[in-house]
Amino acid sequence: MKTNMKRSLFVGLAALSFVAVAGASSNASAKSYKIDFNQAASSTTATSRNYVPTGTNALYTKAGVLKSARQVASTATLQSLASSKKGNDYFRGYRVAKLSNGSYYMKVVTFDKAYRGWIYVGKTDPRSNYQSVAGGLKYTDTTTDVTSTLTDAQKKATYQLSNPGTSFEAQTFKEPAYTQYKIGRNTTDTTNYKNDTFTVTKAVKRNREGDVWYYVNDAKNPSVNGYVLATSLKQASSASSSAATSSSATASVGTSQTTIDSVFNVEGYSSATGGKMVAHAQWTIPLWNGNVNWNNAVNNFNRDRTVMGNKNDVIPSSTLNAALKNNGFNQVYMKITPTILPRLAGGWLDNLDSITGVYMKFNLDTDTIPQNAHYGDVLRLGYTVDDSALYTKWVGGSKSENASVNSDGYTGMTINRQWVKTILDMYVVNPYI
């Protein structure tokens, strides 16, 4: 009996020792992995970052091999999302991280924002080709162009909405519903357009739902132009068609000036939370003129007559995007070095000192451009920071004389140290640093 007790005690202690060693080994392994970089994807590649999960890898709050990573969705859940027939179960990738073991992870979110986290995508940097990923994701096309199926009669015909109003079927969309992340309705109420006639210029099929959407043009009210369910249209009567033919497209008439909020949102990565932080920033630090380019853009936009009209009318997206670009909002360079000249919010002294110092580049997040903005609205924009380089203003001769000068007239100085990028991200996200 004593022998058995000794043997049991020995086996028990051995088991505990194994568990302890295994635990120590696991923690050591987790701690040994470092993050080489963690970078936001460019907004220009947004539509090439639509995915379905493969179901071979789970979704985590951070890269799965890192210490304290928690599971967000199991492989079984992801397999279910992969076979879903709903577009809101697609994934959009928006950040890429590389670990010291050579593995790449991508941060993703479902179109309905129900699931968000990090997933393994292989040993090849996906930023070189977002459509070629491995591991837990597979690129997908959310729609198929079926314009070729339109007959000549359909292209020449005119249509009206069968049941105009506020229902899903009565709306026009910038893209067919749930085929692109955060791109939604172009109109919220089509009641006032019940007598308008449309022509069809394009047909698209949603790959998951299988339904067909038409892109329609409204000659009388171009702000309504967009995608609508094919089944939501009816052929217009001859009287309506004649009225539409005799009327021409009219610009919005009114005195409501659209303006840009002086405060903008800055999106930055927080290592503490493992995700994106949004901070409101004005960059009005005393004796710093980081606002000069921003204030000039705001002042110019707020006097731009192309975004002045009737407050009841929606600004066509093409008109709004053009105004933002023409007035300097797509990329904004913010000074981060102090100046001895007083800050006068875009005044002549502010501009006098705008050619010296070091700048950070901010890129407009096109997903934050308000949808269905009306003339006279105050719009707030959102930006991501380019933490790959700092910039100086080129004041030499022509831009072609210096190959490092970009099209905006700034010379980039590449940042190679991760700790510098981390400090810059902290500075951007926290306006009080």
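Throughout, residue positions are numbered sequentially from 1 according to the sequence presented. Owing to the predicted nature of the structure, the values given are computational and were not obtained by experimental measurement.
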Given the rule in the ring pair (Phe, Tyr, Trp, His ring centres under 6.0 Å) test, do Y410 and Y359 qualify, once you have shown the distances and angles that lead to the verdict?
-> CA-CA 9 Å; Y410 289 81; Y359 294 78; 5.4 Å; yes
Side chain to side chain contact (heavy atoms under 4.5 Å, CB included) against K311, all qualifying residues, sequence neighbours excluded =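 Applying side chain to side chain contact (heavy atoms under 4.5 Å, CB included) to K311 gives S256.
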Pairs flagged by ring pair (Phe, Tyr, Trp, His ring centres under 6.0 Å) wherever residues 124-151 is involved - sequence neighbours left out =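 Listed by first then second residue: nothing to list.
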Do other residues, nucleotides or ligands put more than 12 heavy atoms under 6.0 Å from the [atom1] atom of [X]?
{"X": "N163", "atom1": "CG", "answer": "no"}
{"X": "K174", "atom1": "NZ", "answer": "yes"}
{"X": "Y178", "atom1": "OH", "answer": "no"}

Could you please spell out the steps behind the ring pair (Phe, Tyr, Trp, His ring centres under 6.0 Å) verdict for F198 and Y159?
-> CA-CA 5 Å; F198 307 95; Y159 301 87; 8.8 Å; no
Can R116 and Y94 be said to form a side chain to side chain donor-acceptor pair (under 3.5 Å), step by step?
-> CA-CA 11 Å; R116 185 189 300 269; Y94 63 96; 3.0 Å; yes
Cationic tip of R95 within the cone over Y104's six-membered ring, i.e. under 6.0 Å and within 45° of the normal?
->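 Cation-pi check for R95 and Y104: fails.
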Under 6.0 Å from the six-membered ring centre of Y90 and within 45° of its axis: does the NZ or CZ of R208 meet both?
->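 So R208 does make the cation-pi contact.
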Value rounded to 0.5 Å, distance of CG in L99 from OH in Y33 |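 Separation between the atoms: 8.5 Å.
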Pair [X], [Y]: side-chain N/O donor-acceptor within cut-off below 3.5 Å:
{"X": "S74", "Y": "T77", "answer": "yes"}
{"X": "D145", "Y": "T147", "answer": "yes"}
{"X": "D141", "Y": "N207", "answer": "no"}

Hey, what's the ring geometry for F264 with W294, parallel, tilted or perpendicular (30° and 60° as the breaks)?
->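 The rings of F264 and W294 sit tilted, inter-plane angle from 30° to 60°.
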Parallel, tilted or perpendicular: which describes the rings of F111 and Y181, with under 30° parallel and over 60° perpendicular?
->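 Geometry flag for Y181 against F111: tilted rings.
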Identified side-chain hydrogen bond (donor to acceptor under 3.5 Å, both in side chains) partner of Q180 from the options T143, N50, T47 |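 Result: among T143, N50, T47, N50 is the only option passing the side-chain hydrogen bond (donor to acceptor under 3.5 Å, both in side chains) with Q180.
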Taking only Lys NZ, Arg NE, NH1 and NH2, and the carboxylate oxygens of Asp or Glu, determine whether R127 and D125 approach each other closer than 4.0 Å.
->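 Answer for the salt bridge query: yes.
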